[in-house]
Q: 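Got a structure here, written out as structure tokens. Questions coming.
Quick note on labels: first sequence line is chain A, next is B, and so on, each numbered from 1. This structure is a prediction, so every number in the text was calculated from the model and none was measured.
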2 protein chains.
Amino acid sequence: MENKKKSTIKDIAAVLGLTPSAVSKALNDHPRISDKTKIAVKEAAIQLDYQPNYLSSALRKGKSNLVGVIIPRVNSHFFSSVVENIEKVLNLNGYNIIMTQSNELYAKECQEIDTLLKIQVDGIIASMANETTDLEYYQKIKSKGTELVLFDRGEEELNVDYVGIDDYKSSHLVIDHLVSQNCKRIAHIAGFKHIRIYKERIRGYKDALEKSGLAAPENWIIESNLRLDDGRRIMQQLLDSPERPDAVYVAGDIAALGALQVLLENNIKVPEEMALIGFSDEPFTSLTQPSISTVNQHSDQIGKLAAEAFLERINNPKKKTINRIILEPELIIRQSSNRNLK
Amino acid sequence: MENKKKSTIKDIAAVLGLTPSAVSKALNDHPRISDKTKIAVKEAAIQLDYQPNYLSSALRKGKSNLVGVIIPRVNSHFFSSVVENIEKVLNLNGYNIIMTQSNELYAKECQEIDTLLKIQVDGIIASMANETTDLEYYQKIKSKGTELVLFDRGEEELNVDYVGIDDYKSSHLVIDHLVSQNCKRIAHIAGFKHIRIYKERIRGYKDALEKSGLAAPENWIIESNLRLDDGRRIMQQLLDSPERPDAVYVAGDIAALGALQVLLENNIKVPEEMALIGFSDEPFTSLTQPSISTVNQHSDQIGKLAAEAFLERINNPKKKTINRIILEPELIIRQSSNRNLK
DNA sequence: TATATTTGTTCAATCGATTGAACAAAAATA
DNA sequence: TATTTTTGTTCAATCGATTGAACAAATATA
């Protein structure tokens with residue numbers, strides 16, 4: 001029952017009275033092999049349930065047709081959707097992906113990079129962990145000659161292909177909308193400043209407020225991990241502050257959910273007394289009561305474009321120019337910020 | 001700057017005036033190599049930033065030290081937590097994991113299995129897709145001599161190691177609790193009967209009701225995909241039925257969330273008019289208003305035990321006995337079913 | 001001192017597939 | 001018929017690491 005004897009090109013060669021090299025060439029459609037032989041070889045391959053040995057061919061060719069994907073965490077709609085779309089595109093092109101998660105930890109991320117390099121993936125597509133400030137490990141990927149594409153969280157100094165949205169503009173969409181809802185005192189629960197995308201959101205927040213002639217006191221920009229608890233803690237802090245805001249723009253949906261919980265627990269009317277906007281369009285934002293306004297990052301597009309950037313690079317190894325693809329953000333207005341509809 | 005020349009044992013050998021085989025043995029602590037040589041080799045390895053070529057050693061040894069993990073979807077706390085714990089245990093034992101998702105699709109699952117077999121993983125740890133009824137591909141894993149461990153969703157006929165919870169008993173915990181809350185008409189939004197775990201939950205549901213002397217009309221057991229929409233649709237259907245239930249036991253948290261939405265939209269008091277219990281202890285169940293009672297499946301334990309089952313098997317290839325590890329479920333009582341507290 | 005044992009290293013084959021060069025046979029051209 | 005070209009296949013080296021056998025040198029035993 002257990003048919004452990006995997007067949008090799010040798011077995012096929014033996015059956016047909018050929019040499020292994022002829023078989024290899026037949027399978028790879030080498031021009032010098034006759035059609036007759038090719039057909040016979042391919043038939044025999046099926047008969048013997050032949051599966052090429054990936055390890056040996058990768059070793060010989062120096063190419064694994066494997067791409068590593070590193071994301072901060074899988075349990076997020078945004079990231080899992082990006083991965084799904086990366087996979088879709090790469091599968092069509094003969095690549096398989098290996099998905100790993102850093103859990104937002106720098107140490108874990110380094111370990112994952114080492115593993116992927118060890119397995120000799122042809123490239124890595126990654127979004128950086130919150131903790132990561134030291135880019136040494138990413139430099140290492142490039143120095144090993146492995147392709148690297150970043151998405152969402154990526155730093156410009158690495159000088160590699162990047163796909164993401166216009167974070168600066170996102171903040172403008174958010175703030176302009178809140179202003180149109182007659183909000184006057186808008187606070188920002190932000191991500192860490194050392195990460196480019198969050199820095200951009202902060203910059204956009206400030207500029208958009210200034211443009212509208214509203215104040216943006218420094219203590220209304222609160223950096224955090226954007227976890228549920230951070231959202232809760234900071235919202236409570238804002239509620240307790242002497243001049244309470246009338247709107248809060250949160251740089252992540254999960255933290256926005258935490259913030260919403262605290263608002264509801266304190267019987268604050270949303271959006272009448274306090275408007276709320278999150279970021280990422282996680283599915284649960286449409287499920288809460290009230291539903292949470294948020295910013296759509298086009299995860300499907302990001303995945304597709306990141307995969308294509310990798311393919312382009314691997315197919316043109318000489319190419320020197322760097323692609324920076326910036327998508328338009330889309331504001332999704334739901335109950336938590338819509339004072340007219342409710 | 002780009003240091004593409006990866007060093008090999010040959011390079012180390014050249015530096016030290018040894019042969020590659022001596023270097024290989026030194027690195028692998030072969031007893032016949034002198035300590036002096038070992039130290040010298042290891043120093044040189046560090047100097048040259050030597051990284052063993054995984055492909056060649058895997059090819060030669062017939063062992064990749066890679067384990068594939070197949071889950072229905074990553075975007076779920078239960079599955080991502082299981083994977084996290086599998087990884088933790090396996091990393092400590094020198095294995096790396098490759099995580100893939102079937103998206104609940106049989107075709108995708110088959111493709112993932114092929115990929116993993118191609119990459120020549122040493123084993124596969126999997127939870128089966130909802131769609132899967134044909135076990136041929138899983139048989140294939142075994143017939144190739146690759147170790148297989150199943151968790152949560154696994155069928156007995158495959159005759160492989162399994163880790164899961166006692167689904168039959170889970171239903172008893174749920175029903176007994178609902179009965180204690182004075183519920184009399186308890187419906188069940190179930191998963192597909194062809195999957196063992198859901199079948200067991202249904203069986204437990206029926207037996208527990210019978211034990212309590214309550215009716216369980218067949219049309220109160222409604223099979224589904226357990227998606228959000230299924231929960232919504234079926235709950236609406238139950239509300240519209242002539243004899244409306246006063247409690248619903250849902251075999252999955254996401255469907256339970258959908259059900260809750262419909263209840264709230266219809267202004268039905270939960271749990272007073274309708275009690276609700278889900279399954280899996282997804283984090284959002286504690287975040288809804290009211291929070292949803294559910295069953296904890298001990299994802300961390302499942303991951304750990306599945307990884308250990310794999311390790312045990314790979315270390316004792318001759319072992320013939322099958323491990324079936326069944327954990328105790330834990331009922332988590334929250335607002336949606338607790339009529340006393342609220 | 002002669003022989004046996006231990007120690008440290010090299011040799012050579014191997015894992016399975018790939019690939020350029022070599023070669024013989026068949027076909028085309030002169 | 002002699003020569004060139006084309007075609008189909010085999011040969012042999014290679015990717016990098018591993019491993020049992022072989023061998024020489026050093027050490028121990030008789």
Side-chain angles (χ1 to χ4, degrees), chain A residues 4-42 44-45 48-66 94 117-122 144-146, chain B residues 4-42 44-45 48-66 94 117-122 144-146:
Chain A
K4 294 202 183 185
K5 40 182 187 242
K6 297 174 192 168
S7 51
T8 69
I9 50 170
K10 248 184 179 166
D11 300 321
I12 299 178
V15 168
L16 299 176
L18 291 171
T19 55
S21 60
V23 173
S24 170
K25 286 177 178 159
L27 289 171
N28 289 300
D29 277 324
H30 192 282
R32 283 296 205 48
I33 297 288
S34 66
D35 287 350
K36 193 173 130 248
T37 305
K38 283 180 185 169
I39 291 169
V41 166
K42 285 172 185 173
L48 294 174
D49 188 28
Y50 166 75
Q51 299 276 103
N53 184 319
Y54 151 79
L55 293 172
S56 56
S57 79
L59 174 60
R60 181 63 230 260
K61 293 207 260 194
K63 191 158 185 315
S64 64
N65 273 55
L66 245 34
L117 290 178
K118 170 182 125 181
I119 298 177
Q120 308 202 38
V121 294
D122 292 339
K144 292 270 174 189
T146 305
Chain B
K4 294 204 182 186
K5 39 178 190 242
K6 296 173 191 168
S7 51
T8 69
I9 50 170
K10 249 184 180 166
D11 301 322
I12 299 177
V15 168
L16 298 176
L18 291 172
T19 55
S21 61
V23 172
S24 169
K25 286 178 177 158
L27 289 170
N28 289 298
D29 276 324
H30 191 283
R32 282 298 206 42
I33 297 289
S34 65
D35 287 349
K36 193 174 131 247
T37 306
K38 283 180 186 170
I39 292 169
V41 166
K42 286 173 185 172
L48 295 174
D49 188 28
Y50 167 74
Q51 298 276 103
N53 184 320
Y54 151 78
L55 294 171
S56 58
S57 78
L59 173 60
R60 181 64 230 259
K61 293 208 260 193
K63 190 157 186 315
S64 63
N65 274 54
L66 245 36
L117 290 178
K118 171 182 125 182
I119 299 179
Q120 307 202 40
V121 295
D122 292 339
K144 291 272 175 188
T146 304

Q: Nearest whole Å is fine: how far is D:dT18 P from B:Leu55 CG?
A: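 Roughly 12 Å, once rounded to whole Å.
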Q: Just wondering, are more than 12 heavy atoms of other shown residues or ligands nearer than 6.0 Å to NZ in B:Lys63?
A: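 Yes, the 6.0 Å shell around NZ holds more than 12 heavy atoms from other groups.
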Q: Would you check if B:Gln120 and A:Asn53 make a side-chain contact, meaning some heavy-atom pair closer than 4.5 Å?
A: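 In short, these two side chains touch, coming nearer than 4.5 Å.
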Q: Rounding to a whole Å, what distance do you find between B:Lys61:NZ and D:dT19:P?
A: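 Interatomic distance, NZ of B:Lys61 to P of D:dT19: 6 Å.
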Q: Please encode protein proximity along nucleotides 6-11 of chain C as a string of B, S and -, counting only heavy-atom distances under 4.0 Å.
A: -BBBBB
Q: Between B:Leu48 and B:Ile12, is any pair of side-chain heavy atoms under 4.5 Å apart?
A: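 B:Leu48 reaches B:Ile12 side chain to side chain.
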Q: Side-chain N or O of B:Ser24 versus OP1/OP2 of D:dA17: is the shortest distance under 4.0 Å?
A: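 No, no such contact exists.
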Q: Nearest-Å distance, NZ (A:Lys118) to C1' (D:dA17)?
A: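 Taking NZ of A:Lys118 and C1' of D:dA17, I get 14 Å after rounding.
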Q: Name the nucleic acid region contacted by B:Tyr50, choosing base, sugar-phosphate or nothing; use a 4.0 angstrom heavy-atom cut-off, strictly under.
A: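 Result for B:Tyr50 = sugar-phosphate.
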Q: How many angstroms lie between CG in A:Asp35 and CD1 in A:Ile39, if you round to the nearest 0.5 Å?
A: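 It is 6.0 Å, given to the nearest 0.5 Å.
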Q: Could you state the CG-P distance from B:Leu59 to C:dC15, rounded to the nearest angstrom?
A: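 Value for this atom pair: 9 Å.
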Q: At what distance, to the nearest 0.5 angstrom, does CG of A:Leu18 lie from CD1 of A:Ile9?
A: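 Interatomic distance, A:Leu18 CG to A:Ile9 CD1, rounded to 0.5 Å: 11.0 Å.
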Q: Please report, rounded to the nearest Å, how far the P atom of D:dA17 is from the CZ atom of B:Arg60.
A: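 About 13 Å, once rounded to whole Å.
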Q: Given atom CG of A:Asn53 and atom P of D:dG16, what is their separation to the nearest angstrom?
A: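 In whole Å, D:dG16 P lies 17 Å from A:Asn53 CG.
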Q: Should the pair B:Lys144-A:Asp49 be classified as a salt bridge under the 4.0 Å nitrogen-to-oxygen rule?
A: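 The answer is yes: the pair qualifies as a salt bridge.
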Q: Do the side-chain N or O atoms of A:Ser57 get closer than 4.0 angstrom to the phosphate oxygens (OP1, OP2) of C:dA17?
A: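 The answer is no; no side-chain N or O of A:Ser57 sits under 4.0 Å from OP1 or OP2.
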Q: To the nearest 10 degrees, how far apart in direction are the end axes of the helix from C:dT1-D:dA30 to C:dA30-D:dT1, each fit to five base pairs?
A: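 Here the local axes at opposite ends form an angle of 60°.
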Q: Does A:Asn28 place a side-chain N or O at less than 4.0 Å from the phosphate oxygens OP1/OP2 of C:dT18?
A: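 True: A:Asn28 side-chain N/O within range (under 4.0 Å) of C:dT18 OP1/OP2.
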Q: Could you pull out all donor-acceptor pairs under 3.5 Å where a side-chain atom in residues 23-33 of chain A meets a protein atom, sequence neighbours excluded?
A:
| unit_1 | atom_1 | unit_2 | atom_2 | d |
| --- | --- | --- | --- | --- |
| A:Asn28 | ND2 | A:Ser24 | O | 2.9 |
| A:Asp29 | OD1 | A:Lys42 | NZ | 3.0 |
| A:His30 | ND1 | A:Arg32 | N | 3.1 |

Q: In this structure, how many angstroms lie between the P atom of C:dC15 and the CD1 atom of A:Ile9, rounded?
A: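 Rounded to whole Å, this separation is 12 Å.
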Q: For residues B:Ser64 and B:Asp122, report the shortest heavy-atom separation together with the two atoms involved.
A: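 Here B:Ser64 and B:Asp122 meet closest at N-OD1, 3.0 Å.
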Q: How close or far is atom P of C:dT19 from atom CG of A:Asp29, stated in whole angstroms?
A: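 Nearest whole value for this atom pair: 13 Å.
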Q: Answer yes or no: is there a side-chain heavy-atom contact under 4.5 Å between A:Tyr54 and A:Pro52?
A: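 They are not in contact (no side-chain heavy atoms under 4.5 Å apart), so the answer is no.
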